[in-house]
Amino acid sequence: MTAVSHITTHVLDAVQGLPAPGVSVVLSALRDGEWMLIAEGVTDADGRAKQLGPEAVPAGTYRLHFDTGGYFARTDTPTFYPEVVLTFVVDDEQRHYHVPLLLSPFAYSTYRGS
């Protein structure tokens with residue numbers, strides 16, 4: 001079994017009330033004023049990206065970039081948000097960081113998961 005990444009995400013389609021599979025996700029870290037690619041992935045059938053980067057990351061600023069336009073295009077659903085970018089801070093190198101995205105074509109929300 002592959003280890004779970006230090007940073008994970010879960011995308012839920014709030015309109016369908018179901019996980020959002022097939023959403024491309026990019027994890028980047030801010031290093032010396034530049035965004036550096038850490039990992040790329042795609043949400044699984046349960047809408048989760050558990051192998052998104054290393055098992056441990058140093059404290060710092062990170063971002064998740066979601067290709068929401070691609071997800072909605074596959075179902076011929078118009079959307080106001082072709083992408084969602086979430087920027088957050090990892091300040092405890094010992095804790096797991098789970099950053100879910102609740103998604104609809106015209107709104108989204110997120111929270112610090114566990």
Side-chain angles (χ1 to χ4, degrees):
M1 175 165 176
T2 306
V4 173
S5 302
H6 194 170
I7 298 169
T8 58
T9 190
H10 186 195
V11 183
L12 297 170
D13 185 324
V15 173
Q16 301 296 320
L18 297 169
V23 177
S24 295
V25 184
V26 175
L27 173 65
S28 302
L30 187 61
R31 301 283 186 258
D32 298 322
E34 300 282 330
W35 287 106
M36 307 298 291
L37 175 70
I38 301 294
E40 297 177 272
V42 177
T43 57
D44 62 16
D46 194 34
R48 296 179 185 275
K50 294 187 252 182
Q51 280 76 40
L52 188 63
E55 291 180 53
V57 297
T61 302
Y62 293 84
R63 75 177 175 193
L64 289 169
H65 178 272
F66 299 87
D67 178 15
T68 53
Y71 170 74
F72 286 120
R74 284 191 300 282
T75 59
D76 199 28
T77 304
T79 181
F80 185 69
Y81 297 106
E83 64 182 6
V84 172
V85 178
L86 305 177
T87 305
F88 56 96
V89 174
V90 169
D91 58 1
D92 183 346
E93 295 179 4
Q94 304 305 311
R95 292 187 66 191
H96 173 81
Y97 284 77
H98 185 64
V99 186
L101 176 63
L102 305 174
L103 182 62
S104 77
F106 300 98
Y108 66 86
S109 66
T110 187
Y111 58 94
R112 168 70 165 88
S114 59

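Everything quoted here is computed from the prediction, not taken from an experiment. Atoms considered below: every heavy atom in the structure, side chains included; atoms not considered: hydrogens, waters and symmetry mates.
For the residue pair A45 and P21, the shortest heavy atom distance occurs at CA-CB, 3.9 Å. Taking both residues in full, the closest heavy atoms of G53 and A39 are given as N-CB, 3.3 Å, listed atom of the first, atom of the second, then distance. Looking at every heavy atom in both residues, P19 comes nearest to G47 through CB-N, 3.6 Å. For the residue pair V85 and R63, the shortest heavy atom distance occurs at CG1-CD, 3.8 Å.
L103 has its side chain out of reach of Y81: every pair of non-hydrogen atoms, C-beta onward, lies at least 4.5 Å apart. The closest side-chain heavy-atom distance from D92 to Y97 is below 4.5 Å. T43 places none of its side-chain heavy atoms less than 4.5 Å from the side chain of F66. Within the 4.5 Å cutoff, the side chain of P58 has heavy atoms near those of the R31 side chain. The shortest distance between side-chain heavy atoms of H98 and S114 does not fall below 4.5 Å. Counting only heavy atoms from C-beta outward, the side chains of Y71 and D13 approach each other to under 4.5 Å. In this structure, T8 and H96 have side chains that are in contact, with non-hydrogen atoms separated by less than 4.5 Å.
Y108 and F80 end up in the same hydrophobic cluster when Ile, Leu, Val, Met, Phe, Trp and Tyr side chains are linked at under 4.5 Å. One hydrophobic cluster, built from ILVMFWY side chains closer than 4.5 Å, cannot hold both L12 and V23; they sit in different ones. A continuous path of hydrophobic side-chain contacts links V84 to L27 [ILVMFWY only; heavy atoms under 4.5 Å]. No path of Ile, Leu, Val, Met, Phe, Trp and Tyr side chains, each step under 4.5 Å between heavy atoms, connects W35 with L52, placing them in separate hydrophobic clusters.
Between the side chain of S5 and the main chain of K50, a donor-acceptor pair closer than 3.5 Å is present. With hydrogens and angles disregarded, a donor-acceptor distance shorter than 3.5 Å links the side chain of H6 to the backbone of V57. Between the side chain of T68 and the backbone N or O of P82, at least one donor-acceptor pair lies under 3.5 Å. A donor-acceptor pair under 3.5 Å links the side-chain atoms of D44 to the main chain of D46, judged by distance alone.
Residue-environment remark: CZ (R112) exceeds the threshold of 12 foreign heavy atoms within 6.0 Å. For F88, the CZ atom is densely surrounded, since the number of other residues' heavy atoms within 6.0 Å is greater than 12.
Of the inter-residue distances, the one linking I7 atom CD1 with L64 atom CG reads 6.5 Å to the nearest 0.5 angstrom. Between atom CG of residue L86 and atom OG1 of residue T9 there is a gap of 7.0 Å, rounded to the nearest 0.5 Å. For the atom pair F72 CZ and F106 CZ, the distance stands at 8.5 Å (nearest 0.5 Å). Here NE2 of H65 is found 12.0 Å from CG of L37. Values are rounded to the nearest 0.5 Å.
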